[in-house]
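In what follows, a single structure is set out as structure tokens and then discussed.
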Amino acid sequence: MSILGRLFYKSRKFYDDDFDWSSYTADSYHRRLKGDIESNFRTISDEGDLSLETETGKVSVRGGALHPNVQLILETIGQLQPASVHEVGCGGGDHVAHASVLFPDIQVTGGDRGETQLDLAIARHPQLLGKVGIQDITMPFSDQWPRAEMVYSQAVIMHIHTAVSHFVALSNMVRQAGKYVLLVENVQCHNFVQDLIALEEGGHLAWGKVHLYQVEGSTGARGILVSREPLGLPELVSDAQMRAGEMPSVRRLRRSDEDSERALTGFVRDWRK
């Protein structure tokens, strides 16, 4: 995007998604994968490369390190031990492939709206063939989507800004999951806690009552865990908790508030007061 285009984009009232998803792989993802991630972190694991320390809940990596977000995802799976996990926006498949290596008894699946993303996932991880498929989490819920006890996303919902699509995505993730939803997202991009509370109060979450917790990986990454049942974890009641110790982005949070204010939740009978 040109400098003029970026200035116009930042000044507009309503926003499109952060990326053109049809060209995301070639335009951005592949470049970031090679330049920012693979140069510092392990992205492909073989049997024996990863291990879970049951006493501490920490995931250890042989001869390398995982990205902190991936470390958090795997350690949360290890703690909760769901029978199945599904990744929304699985991209190049690295996260779900790590999970399949570390937890061979857990059924893993992944979905992404980009065919080129899934082509990349199979090229990098041939064992994922038949386990990943096309999924647009912002579409009306599909009974064809794989159900899983835990559904998670990593840096996906944060990029959705068109209309109220991120609300639809959050609602769909809860409906797709049997027990848990894990959001590992940039909390500067949406007020996720506030949005989840609004969805719950408006009757948009399939579980009815949900329990929100903050989870933290052994290397510092934070996530929002939505649970169907109460857990012995730190309760999460505000987005400020998730941002503790960070410098808030005024621009991003203003944009997120504008996104969320477009949504009408529930069924309001007393609008004529």
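Numbers here are sequence positions counted from 1.
Between S84 and A148, the closest heavy-atom pair is OG-CA, 3.3 Å. Closest of all the heavy-atom pairs between C90 and D112 is N-OD2, 3.4 Å. The nearest pair of heavy atoms linking L72 to G217 is CD1-N, 3.4 Å. W207 approaches Y180 most closely through the heavy-atom pair CH2-N, 3.6 Å. Of all the heavy atoms in A169 and I157, the pair that sits closest is CB-CD1, 3.8 Å. Taking each heavy atom of H125 and A97 in turn, the nearest pair found is ND1-CB, 3.4 Å.
Put simply, CG on L102 and OG on S51 are 7.5 Å apart, with the number rounded to the nearest 0.5 Å. Interatomic distance, S227 OG to E235 CD, rounded to the nearest 0.5 Å: 11.0 Å. Here CG of L120 is found 13.5 Å from CD of E115. Values are rounded to the nearest 0.5 Å. Atom CD in Q135 sits 8.0 Å away from atom CG in N172 (nearest 0.5 Å). Distance check: S142 OG to I134 CD1 gives 12.5 Å after rounding to the nearest 0.5 Å. With values rounded to the nearest 0.5 angstrom, I224 atom CD1 is found 6.5 Å from D239 atom CG.
The hydrophobic cluster containing F192 does not contain V237, counting ILVMFWY residues as joined when their side-chain heavy atoms lie under 4.5 angstrom apart, directly or transitively. Note on V96 and I44: separate hydrophobic clusters, where clusters join Ile, Leu, Val, Met, Phe, Trp and Tyr whose side-chain heavy atoms are under 4.5 Å apart, directly or indirectly. Placement of V132 and M139 in two distinct hydrophobic clusters is found when ILVMFWY residues are connected by side-chain heavy-atom separations under 4.5 Å, directly or transitively. Taken together through direct or relayed side-chain contacts under 4.5 Å among Ile, Leu, Val, Met, Phe, Trp and Tyr, L253 and L196 form parts of separate hydrophobic clusters. Tracing side-chain contacts under 4.5 Å through hydrophobic residues (I, L, V, M, F, W, Y), one never reaches V101 starting from F103; they form parts of separate clusters.
Side-chain N/O atoms of S45 and H98 include a donor and acceptor closer than 3.5 Å.
M158 has its side chain out of reach of L183: every pair of non-hydrogen atoms, C-beta onward, lies at least 4.5 Å apart. Under the 4.5 Å side-chain criterion, counting only non-hydrogen atoms from C-beta, L199 is not in contact with V174. Between L128 and I122 the shortest side-chain heavy-atom distance falls below 4.5 Å. Using a 4.5 Å cut-off on side-chain heavy atoms (C-beta onward), D49 and V61 make no contact. At a threshold of 4.5 Å between non-hydrogen side-chain atoms, the residues I160 and F167 do not count as touching. Looking only at side-chain heavy atoms (C-beta outward), L225 and V181 stay at 4.5 Å or farther from each other. At a threshold of 4.5 Å between non-hydrogen side-chain atoms, the residues D94 and V70 do not count as touching. Looking at Q127 and S100, their side chains come closer than 4.5 Å, going by heavy atoms from C-beta outward.
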From CA spacing to verdict: side chain to side chain contact (heavy atoms under 4.5 Å, CB included), I77, L182: CA-CA 10 Å; I77 293 173; L182 175 63; over 6 Å; no
Stepwise side chain to side chain donor-acceptor pair (under 3.5 Å) test for S60 and E53: CA-CA 7 Å; S60 296; E53 300 174 5; 2.6 Å; yes
CA sep, side-chain torsions, deciding dist, call: L212, V193, side chain to side chain contact (heavy atoms under 4.5 Å, CB included): CA-CA 8 Å; L212 304 181; V193 176; 4.0 Å; yes
Derivation and outcome, side chain to side chain donor-acceptor pair (under 3.5 Å), residues R124 and T43: CA-CA 9 Å; R124 293 173 62 81; T43 57; 3.0 Å; yes
Chi angles and distances behind the side chain to side chain donor-acceptor pair (under 3.5 Å) call for E149, H86: CA-CA 8 Å; E149 287 193 355; H86 177 84; over 6 Å; no
Side chain to side chain contact (heavy atoms under 4.5 Å, CB included) between D259 and V164, intermediate numbers included: CA-CA 7 Å; D259 288 343; V164 294; over 6 Å; no
Full working for side chain to side chain contact (heavy atoms under 4.5 Å, CB included) between V85 and I73: CA-CA 11 Å; V85 297; I73 291 168; over 6 Å; no
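Distance alone, capped at 3.5 Å, is enough to place a donor-acceptor pair between the S171 side chain and the H204 backbone. Using modelled atom types, one side-chain atom of E185 and one backbone atom of V156 make a donor-acceptor pair closer than 3.5 Å. Panel note: side chain E87, backbone S153; no donor-acceptor pair is recorded below 3.5 Å. Between the side chain of E261 and the backbone N or O of E258, no donor-acceptor pair lies under 3.5 Å. For the pair S260 (side chain) and S256 (backbone), a donor-acceptor distance under 3.5 Å is present. The closest donor-acceptor contact from the side chain of Q154 to the backbone of V184 lies at 3.5 Å or more, if one exists at all. Proximity of a side-chain donor or acceptor of Q214 to a complementary backbone N or O of L236 within less than 3.5 Å is not detected. For Q81 (side chain) and G78 (main-chain N/O), a donor-acceptor pair under 3.5 Å exists by modelled atom type. Within the 3.5 Å criterion, the main-chain N or O of L50 finds no donor-acceptor partner in the side chain of R62. Looking only at distances, a side-chain donor or acceptor of E75 sits under 3.5 Å from a matching main-chain atom of S218.
A salt bridge is absent between R42 and D46: the closest approach of a Lys/Arg side-chain nitrogen to an acidic carboxylate oxygen does not fall below 4.0 angstrom.
A centroid separation of less than 6.0 Å is found between the aromatic rings of H190 and H161.
Applying the salt bridge (Lys or Arg N to Asp or Glu O under 4.0 Å) test to every pair with at least one member in residues 152-175, sequence neighbours left out, gives no pairs at all. Pairs of residues two or more places apart, or lying in two chains, never qualify as salt bridge (Lys or Arg N to Asp or Glu O under 4.0 Å) while including a residue from residues 199-223.
Hydrophobic cluster membership for V268: W271 (Ile, Leu, Val, Met, Phe, Trp, Tyr linked by side-chain heavy atoms under 4.5 Å, directly or transitively).
By the 6.0 Å contact criterion, CD on E47 is open, its count of non-hydrogen atoms from other residues, nucleotides or ligands being 12 or less.
Using cut-offs of 30° and 60° on the angle between ring planes, the pair Y213 and H211 is parallel.
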